[in-house]
Amino acid sequence: LASRPVARLAGATRRYGQQTALDAVDLVVQRGELLALLGPNGAGKTTAIGLLLGLARADAGTVELFGMDPQRIEARRRIGVMLQSAELPPTLRVGELLRLTASYYPVPRRLEETAAMAGIGDLLKRPYAKLSGGQQRRVQFALAVCGRPELLFLDEPTVGMDIEARQKLWAAIRQLIAEGCSVLLTTHYLEEAEALADRVCVMTRGRVIHEGTVEALRARVALRRIRCAST
Ligand code: ATP
């Protein structure tokens with residue numbers, strides 16, 4: 001089925017106590033596209049990713065990866081993940097981390113290729129804990145892509161990076177898309193969505209309030225500014 005989405009939430013709801021973190025959300029990632037999830041803190045972006053990763057179960061609705069339950073190993077093998085908080089063994093060297101992670105996947109990328117892609121070729125012998133925040137983010141990206149994922153999850157991948165480092169990572173993400181990889185990315189930066197996304201989904205308080213192209217979102221934001229200015 002060529003047209004089947006690689007990831008799908010349909011009416012997905014997730015509650016934490018009294019709070020509804022995700023409220024009947026519909027969302028699909030089509031094969032080969034980059035979908036950006038935008039929205040303020042607490043909007044439900046990380047919760048949505050958590051459901052698709054099988055880290056939490058939906059209280060209601062459907063959650064699918066490649067048409068399967070996200071907890072199935074056959075689905076998990078086909079994804080790459082870069083989360084906001086990555087706990088990695090601090091004493092391992094970058095090269096060791098990469099080799100270990102790649103060994104979980106059936107057809108890993110060559111280590112040199114992964115390192116070049118993430119711009120960490122000169123860091124392979126360094127212990128992970130000794131790296132700067134930006135360098136650690138690049139290593140996390142390398143770990144996420146070393147298994148040649150069909151679908152990549154990037155949760156605020158460039159937060160805290162300077163503009164040059166961000167643009168380098170954007171170039172690497174574009175390379176993956178060119179290879180046919182699909183991406184679900186969360187970000188607080190509209191310009192990141194503009195640089196990368198085929199479509200954007202804007203969330204707030206657990207709901208999707210806009211879904212479409214970045215241009216359409218820009219137009220909506222501009223229109224609202226004009227309306228506010230004229231009242
Ligand atoms: P951010 O941009 O800060 O990462 P987000 O859009 O990813 O925000 P979520 O982390 O999905 O938002 O959080 C949505 C809501 O659900 C928040 O109000 C949050 O407090 C709540 N929440 C998320 N995870 C849990 C949890 N494990 N226990 C309790 N509440 C949670």
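As the structure lists them, so they are numbered: ligands from 1, and atoms in each ligand from 1.
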Closest approach of any protein heavy atom to atom 10 (O) of ligand 1, naming residue and atom: T46 CB, 3.6 Å
What is the nearest protein non-hydrogen atom to atom 23 (C) of ligand 1, stated with its residue, atom name and distance? Y16 CE1, 3.6 Å
Only one of I177, D198, L196 passes side-chain contact (heavy atoms from CB on, under 4.5 Å) with V183; say which it is. I177
Can a cation-pi geometry be assigned to R166 and Y189, taking NZ or CZ under 6.0 Å from the six-membered ring centre and within 45° of the ring axis? yes
Subset of ligand 1 atoms that lie under 4.0 Å from at least one heavy atom of T47: 9 (P), 11 (O), 13 (O), 14 (C), 23 (C)
Closest non-hydrogen contact found for D23 with T13 is C-OG1, 4.0 Å
Where ligand 1 meets A43 - atom numbers and elements under 4.0 angstrom, heavy-atom basis: 5 (P), 6 (O), 12 (O)
I need the atoms of ligand 1 closer than 4.0 Å to a non-hydrogen atom of N41, numbered in the order shown. 1 (P), 2 (O), 3 (O), 8 (O)
Within-shell test, G44 vs ligand 1, heavy atom, strictly < 4.0 Å: yes
Which ligand 1 atoms does Q84 reach within 4.0 Å, using its non-hydrogen atoms? 4 (O)
When you measure from atom 20 (O) of ligand 1 to every protein heavy atom, which one gives the shortest distance, and what is it? Q19 OE1, 4.0 Å
What residue and heavy atom of the protein are closest to atom 16 (O) of ligand 1, and at what distance? A21 CB, 3.1 Å
Check each heavy atom of E156 against ligand 1 and say whether those closer than 4.0 Å belong to the side chain, the backbone, both or neither. side chain
Taking all non-hydrogen atoms of both residues into account, name the closest pair between P149 and I79 and its distance. CB-C, 3.5 Å
Could you tell me if Q140 and R137 have a donor-acceptor pair between their side chains, going purely by distance under 3.5 Å? yes
Heavy-atom check, side chain of L184 versus side chain of L154, under 4.5 Å: no
Per-atom contacts, ligand 1 versus P40 - under 4.0 Å to a heavy atom: 6 (O)
Report yes or no: is the cationic atom of R4 (NZ for Lys, CZ for Arg) under 6.0 Å from the centre of the six-membered ring of F66, at an angle within 45° of the ring normal? no
Nearest non-hydrogen protein atom to atom 14 (C) of ligand 1, with distance, is G42 O, 3.3 Å
Within a distance under 4.0 Å of any heavy atom of H188, pick out the atoms of ligand 1 and give their elements. 2 (O)
Heavy-atom distance under 4.5 Å between the side chains of I173 and L152, does that happen here? no
Regarding T46 and Q84, is there a side-chain donor-to-acceptor distance under 3.5 Å anywhere? yes
